[in-house]
Amino acid sequence: MLRMSTLFLRTLRDDPSDAEVPSHRLLVRAGYIRRAAPGGFTWLPLGWITYRKVEDIIRDEMNKAGFQEVHFPALLPREPYEATGRWTEYGPNLFRLKDRRNNDFLLAPTHEEMFTLVVRDLFSSYRDLPLSIYQIQTKYRDEARPRAGLLRGREFVMKDSYSFDVDDDGLQASYDRHRDTYISTFDRLGLPYVIVSAMSGAMGGSASEEFLAPIDVGEDTFVQCTSCGYAANTEAVLVAATSVPSVEHPAATVVDTPNTPTIDSLVEHLNAADATQRSDRPWAADDTLKNVVLNLVHPDGTVEPLAIGIPGNREVDLKRVEAQVAPAEPTPFTDADFEKYPSLVKGYIGPQALGTNSPSGIRYLVDPRVVNGTAWVTGANTAGHHVTHLVCGRDFTADGSIEAAEVLEGDPCSQCGEPMSMARGIEIGHIFQLGRKYAEALDLRVLDADGKQVTVTMGSYGIGVSRAVAAIAESHHDEYGLCWPRAVAPADVHLVIAGKDDGPQRPAAETLAAEFEAAGIDVLFDDREGVSPGVRFKDAELIGVPTIVVVGRGITDGLVEVKDRLTGERTDMPIGEVTAHITALLANA
RNA sequence: CGGGGUGUAGCGCAGCUUGGUUAGCGCGCCACGUUCGGGACGUGGAGGUCGGAGGUUCGAAUCCUCUCACCCCGACCA
């Protein structure tokens, strides 16, 4: 039993000024957490109870799936991360430190290396596999900008699992098992989620999906097709295939287009003059082909220019480009770069000047919408001139295609062609097939049935535990405070005394609290003296325990009020029936 | 890292433009009394290196310089 008269808790009447998002605001205000460091939080009693319930559910589902829990240090030596290249590749987000002998250490942002090494140390036969092991561990990332309270901290708790298999089929099975386990885990946590296709990014590997809680304050953008259910992170969205009607296009024509530095000004200019107007309809921004040049900086430091052609009604989405060209990093083309390529006329770059066989020799990749038979208005490689009716396949060819254009609300689904909608989400889980990157780097091999050495293939699976607490708060609150799902609430019932300190309510409530406890019901008991009823009700709503029991004026008739925090529904019932009622609520949850 | 904003009691804020009593208000906290089903009231209290350092001045929360921290937008980010 938690007695509020002695509980280490102070609720705040006002929102803390440094908290913006609801989870941060409410968790601080209701006395669950306190900021302790930039990107670091202290868990207070109510918060820690809730946190542990979340952690226990995650652990329980892992164990039910047959995964085994281990625990590594958060403080690790440099060497394993040197072997996989991540000591340098991870960049400034890695917390690095030195011991007294000046040896390099790090605070682990994730533990692929350590898991790989410990399996290599202990296992050496295909008979030992498959194996999935996990830990629930504090992780450290020196985020440039921690924000939104628990949602993006520099210290946070993550459940990370790793699977080890001899072949791709085994990896797929381990991946599927984790996927199923994540589904049951998030269901139990009461977290809404969407499973989206994702990019594996810097981690390497192939198949990858994210579990996103669809909440506006989330940092990830995803698209979802309401028709067929396809969902993907915008980084991973594929452009729908375009069918090209076979029509005879006019010959490509160079036209004067002075002072048309932007797509809008170009379209306006074309539509204004008789000579350039279309006969069938006005020109539109997506008739134009915009060519953007970037530099790719490869991990070894070499720089390669890359030209990207996309429909003019869209911008280049650098995140999407980055996901495509990883591990290389795209950077903007500078004026100095343009000077090195005199064939490129800034603002009027056309496909004829691009491509590995062109004068510039710059690799030219186009949006998947730019396919053979499509006609475009694009730069003529001369200042103040554009070309109309430049047909892909007839007048120019590209070196390939790239998913680089921004995704727009309503874009057709690549699976079924129906319009897709965009939304924001909080990444609460990520599963992906790592493959053999780490096993190769760290020499994790086992003997197969034929006695041959084979490199193990791995999967990596994460759930943000502390972030999940915040995500639940984000999805379970209203204007009055938190409304926890039963499974993670800090108590089963919040028992409130509403009456004079020396009235009959107090002894009745004490008796009821004892009865709850005997029945195995966790009770948060507001037994404070000298606190007015309004304060008690406000605090109960703020704290968010799913059921609130009020022992008030009805007690003279033997009645207490049972209130549902979420719906606000109140029911008076005889005090003798309450315990059975709550027990039934818990059983049905 | 770029742009913007804010640092004054546990929380929320005023005071700063135009330097000058003992730095103020609400909430919270302590004591006493009243009140007791929707953040009650009265009386009396405790609590501050005004983010930090340096400077200008007879005198700095207030003006100047530097610095640190936090928040927002962007960049970055398993």
Side-chain angles (χ1 to χ4, degrees), chain A residues 9-21 24-25 28-31 34-40 86 89-94 108-112 139-149 151-154 156 158-162 198-205 208 210-211 217 219-220 233 235 318-319 322-323 326 329-332 427-432 434 460-464 467 480-481 496-506 526 528-542 548 550-555 559-561 563 568 570 572:
Chain A
L9 168 75
R10 180 112 299 143
T11 58
L12 306 178
R13 185 184 293 243
D14 300 306
D15 284 333
S17 65
D18 61 352
E20 195 73 13
V21 301
H24 187 193
R25 224 177 57 224
V28 171
R29 197 146 90 81
R34 296 288 294 177
R35 196 191 83 91
R86 289 212 295 179
E89 266 177 34
Y90 217 95
N93 268 28
L94 188 65
T110 171
H111 281 77
E112 279 79 3
K139 307 287 186 183
Y140 297 87
R141 290 183 197 170
D142 191 358
E143 295 283 350
R145 180 153 87 86
R147 73 184 102 175
L151 285 175
R152 174 170 294 277
R154 300 206 291 177
F156 57 97
M158 180 157 93
K159 186 290 302 172
D160 52 329
S161 330
Y162 303 86
M199 302 298 293
S200 39
M203 303 298 299
S208 167
E210 288 170 339
F211 287 70
V217 300
E219 295 184 286
D220 288 82
N233 193 302
E235 290 172 22
L318 270 182
K319 282 189 165 187
E322 199 173 340
E329 209 168 299
T331 59
E427 182 182 355
I428 48 176
H430 194 167
I431 54 177
F432 59 97
L434 274 181
S460 162
Y461 318 90
I463 293 178
R467 177 182 281 183
Y480 305 110
V496 171
I497 300 172
K500 294 187 182 184
D501 285 339
D502 57 357
Q505 288 86 0
R506 178 164 291 270
D526 190 350
R528 294 174 294 180
E529 293 191 5
V531 176
S532 70
V535 171
R536 298 179 197 270
F537 293 140
K538 292 288 185 195
D539 276 347
E541 277 151 3
L542 185 58
I548 299 164
V550 182
V551 181
R553 58 193 168 202
I555 198 64
L559 295 176
V560 298
E561 178 182 292
K563 180 178 170 183
R570 306 177 187 190
D572 282 329

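Chain identifiers are assigned alphabetically (A, B, ...) following the order of the sequence lines, protein sequences preceding nucleic acid strands; residue numbering begins at 1 within each chain. What you see is a predicted model; the values in this text were computed from it and never measured.
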| said: Taking the P atom in each of A61(B) and U22(B), what is the distance between them to the nearest angstrom? | reply: 12 Å
| task | Compare side-chain N and O positions of T110(A) against OP1 and OP2 of A78(B) and report whether any pair is under 4.0 Å apart. | result | no
| said: What I'd like to find out is whether the side chain of L94(A) reaches to under 4.5 Å of the side chain of Y140(A), using heavy atoms alone. | reply: no
| query | Any salt bridge between K563(A) and E541(A), counting N to O under 4.0 Å? | reply | yes
| query | Any N or O donor-acceptor pair linking the side chain of D15(A) to the base of G12(B) at under 3.5 Å? | reply | no
| task | Respond yes when some side-chain nitrogen or oxygen of R13(A) is under 4.0 Å from OP1 or OP2 of G28(B), and no when none is. | result | yes
| request: Establish whether the base of C71(B) is bridged to the side chain of R147(A) by a donor-acceptor pair shorter than 3.5 Å. | output: no
| Pair partner, C13(B) [Watson-Crick or wobble, under 3.5 Å] | G24(B)
| request: Both distances under 3.5 Å, Watson-Crick or G-U wobble: report the partner of A31(B), or none. | output: U43(B)
| message | Taking the C1' atom in each of G44(B) and U49(B), what is the distance between them to the nearest angstrom? | response | 28 Å
| For G37(B), which nucleotide is its Watson-Crick or G-U wobble mate, given both distances must be under 3.5 Å? | none
| query | Whole-Å distance between G39(B) P and D526(A) CG? | reply | 15 Å
| request: Tell me which nucleotide among G37(B), A40(B), C71(B) gets nearest to the side chain of F537(A). | output: G37(B)
| message | How many whole angstroms separate atom CG of D539(A) from atom C1' of G39(B)? | response | 8 Å
| field | Salt-bridge present (D160(A), K139(A); N to O < 4.0 Å) | value | yes
| message | Taking the P atom in each of U62(B) and A53(B), what is the distance between them to the nearest angstrom? | response | 12 Å
| Toward the 5' end of RNA chain B, by each residue's nearest nucleotide, V550(A) or F156(A) | V550(A)
| said: Taking pairing as Watson-Crick or G-U wobble with both contacts under 3.5 Å, can you name the mate of U65(B), or confirm there isn't one? | reply: A53(B)
| field | Gap between atoms NZ and P, on K159(A) and A78(B) respectively (whole Å) | value | 18 Å
| field | Gap between atom CD of E112(A) and atom CG of L434(A) - 0.5 Å precision | value | 5.5 Å
| query | C1(B) P sits how many Å from D142(A) CG, rounded? | reply | 11 Å
| request: Figure out the CZ/C1' separation between R553(A) and G38(B), and round it to whole Å. | output: 10 Å
| query | Which whole number of Å gives the distance between the P atom of U8(B) and that of G74(B)? | reply | 26 Å
| task | Please state how far atom CZ in R152(A) lies from atom P in C72(B), giving the value in whole angstrom units. | result | 12 Å
| note | Among A78(B), C77(B), G39(B), the one nearest any side-chain atom of N93(A) is C77(B)
| field | Under-4.0 Å salt bridge between R25(A) and D18(A) | value | no
| query | Would you say R467(A)'s side chain and E427(A)'s backbone share a donor-acceptor pair under 3.5 angstrom? | reply | yes
| note | Note: for R154(A) and G462(A) on RNA chain B, the residue whose nearest nucleotide lies more 5' is R154(A)
| request: Whole angstrom is fine here: how far is it from CD in E561(A) over to C1' in G38(B)? | output: 11 Å
| Charged N to carboxylate O under 4.0 angstrom, R528(A) versus D526(A)? | yes
| request: Taking atom P in both A60(B) and C41(B), compute the distance separating them and give it to the nearest angstrom. | output: 40 Å
| Quantified in whole Å, what is the P atom distance between nucleotide A40(B) and nucleotide G28(B)? | 8 Å
| message | Between G55(B) and A9(B), how many Å separate the two C1' atoms, rounded to a whole number? | response | 28 Å
| query | With a 4.0 Å cut-off on heavy atoms, is R570(A) in touch with a base, just the backbone sugar-phosphate, or nothing at all? | reply | base
| said: At less than 3.5 Å, do the side-chain atoms of R29(A) and the base atoms of G10(B) form a donor-acceptor pair? | reply: no
| query | How many Å lie between CD on E541(A) and P on G37(B), as a whole number? | reply | 16 Å
| query | Considering only the C1' atoms, how many Å lie between G38(B) and C1(B), rounded to the nearest integer? | reply | 49 Å
| Would you say N93(A)'s side chain and R141(A)'s backbone share a donor-acceptor pair under 3.5 angstrom? | no
| For C1(B), which nucleotide is its Watson-Crick or G-U wobble mate, given both distances must be under 3.5 Å? | G74(B)
| message | Counting only side-chain heavy atoms from C-beta out, which of A78(B), G38(B), C36(B) sits nearest to K563(A)? | response | G38(B)
| Do the side-chain N or O atoms of S17(A) get closer than 4.0 angstrom to the phosphate oxygens (OP1, OP2) of G12(B)? | yes
| task | Could you check whether R35(A) gets within reach of a base, just the sugar-phosphate, or nothing at all, counting any heavy atom under 4.0 Å? | result | sugar-phosphate
| query | Closer than 4.0 Å, any side-chain N/O of K538(A) to the OP1 or OP2 of G39(B)? | reply | no
| message | Students often get this wrong, so: under 4.0 angstrom with heavy atoms, is P16(A) touching a base, only sugar-phosphate, or nothing? | response | sugar-phosphate
